[in-house]
Amino acid sequence: MRSYKLIVFDWDGTLMDSERHIVDSMRKTIQELDLPQRTDNELRNVIGLGLKEALYTLYPNSDSSHLKTIGERYRFHYFSNPSSSQLFDGVPQLLDQLHKHNYLMAIATGKGRSGLNQALSDSGVKDYFYTTRCAEETESKPNPKMLQEIMEDTQVDTHETLMVGDTEYDILMAKNIGVDALAVSYGVHEKKRLEEFSPISCLDSVTELHHWLLT
């Protein structure tokens, strides 16, 4: 691995196996509000965006008031069963080893702040991360503002930063600010799709990620 100082992780689909829970929560919201149906692929496709941007992608003809209602009901269903999402196997060990090797670590996620804080607390990995950014606090991926703010917080340059994520939005965010992007294909977007955006590598498991980062 190059001499990176800062490793920025996406959360959903990269560190936490939450895809099914997100899709199920949105499906319950759609049913409750009698919204036009969307396929599972359409729902999965917006994972990684901020909630506002995700809902607008799914329902572009909705006004801001309606989108707000959808977002409130989605949050209700998501937080009704937060324990259904768990870290991918091997993630705690990976974070621990990176910490022992003195890497700075951060999170850049489309997840809301309350959801991320709960996930970090429940999973027991909060203390590994120097700083975190959520889309609702800044700009949604692929806008690079989250990465820019994280690098400002840590005082690390672009060439010393690595972005790790499972969606094209992660890769594009990194490219938009000149940061290397490492893709993982065990999350939301399939390997073929990720490779279209030319990450420096595309890995198929947490085991491969561990080996790539620490060998």
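The basis for the numbers below is simple: all heavy atoms, side chains too, and nothing from hydrogens, waters or symmetry mates. These numbers were taken from a predicted model, which means no experiment stands behind them.
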[X] atom [atom1], over 12 foreign heavy atoms within 6.0 Å:
| X | atom1 | result |
| --- | --- | --- |
| Asp96 | CG | yes |
| His99 | NE2 | no |
| His66 | NE2 | yes |
| Lys191 | NZ | yes |

Spacing of [X] atom [atom1] and [Y] atom [atom2] [to the nearest 0.5 Å]:
| X | Y | atom1 | atom2 | result |
| --- | --- | --- | --- | --- |
| Ile70 | Tyr59 | CD1 | OH | 6.5 Å |
| Asp204 | Leu209 | CG | CG | 11.0 Å |
| Met173 | Lys145 | CE | NZ | 14.0 Å |
| Lys111 | Ile47 | NZ | CD1 | 9.0 Å |

(message) Looking only at the aromatic ring of each residue, does the gap between the centers of Tyr186 and Phe88 stay below 6.0 angstrom?
(response) yes
(request) Decide if the gap between the ring center of Tyr169 and the ring center of His189 is smaller than 6.0 angstrom. (result) yes
Can any side-chain N or O of [X] pair as donor or acceptor with the backbone N or O of [Y] at less than 3.5 Å?
| X | Y | result |
| --- | --- | --- |
| Glu136 | Arg113 | yes |
| Glu42 | Thr39 | yes |
| Gln155 | Glu152 | no |
| Thr69 | Ser65 | yes |
| Thr158 | Val179 | no |
| Ser18 | His21 | no |

Would you check if there is a donor-acceptor pair between the side chains of [Y] and [X] at a distance under 3.5 Å?
| X | Y | value |
| --- | --- | --- |
| Thr167 | Asp170 | yes |
| Ser25 | Arg27 | no |
| Arg193 | Asn45 | yes |
| Tyr130 | Asp153 | no |

I'd like to know if [X] pairs up with [Y] as an ion pair, taking the criterion as any Lys NZ or Arg NE/NH1/NH2 lying under 4.0 Å from an Asp or Glu carboxylate oxygen.
| X | Y | value |
| --- | --- | --- |
| Arg44 | Glu19 | yes |
| Asp10 | Lys141 | yes |
| Arg20 | Asp24 | yes |

Taking all heavy atoms of [X] and all of [Y], pick out the closest pair and write down the distance.
| X | Y | result |
| --- | --- | --- |
| Ala135 | Met146 | N-SD, 4.1 Å |
| Met16 | Ser123 | CE-CB, 4.4 Å |
| Lys175 | Ser198 | NZ-O, 3.2 Å |

Cluster question for you: counting only ILVMFWY and a side-chain heavy-atom cut-off of under 4.5 Å, with indirect links fine, are [X] and [Y] together?
| X | Y | value |
| --- | --- | --- |
| Leu98 | Met163 | no |
| Ile200 | Leu194 | no |
| Tyr4 | Leu147 | no |
| Leu182 | Phe129 | yes |
| Val164 | Trp11 | yes |

(request) Test the Arg75-Tyr78 pair against the cation-pi criterion, namely NZ or CZ under 6.0 angstrom from the six-membered ring centroid and within 45° of the ring axis. (result) no
(message) With side chain to side chain contact (heavy atoms under 4.5 Å, CB included) as the criterion, how do Thr161 and Val8 come out once you've worked through the C-alpha distance, each side chain's angles and the decisive distance to 0.1 Å?
(response) CA-CA 7 Å; Thr161 301; Val8 183; 4.0 Å; yes
(request) Please examine the side chains of Leu6 and Met151, heavy atoms only from C-beta on, and report whether any two atoms are closer than 4.5 Å. (result) yes
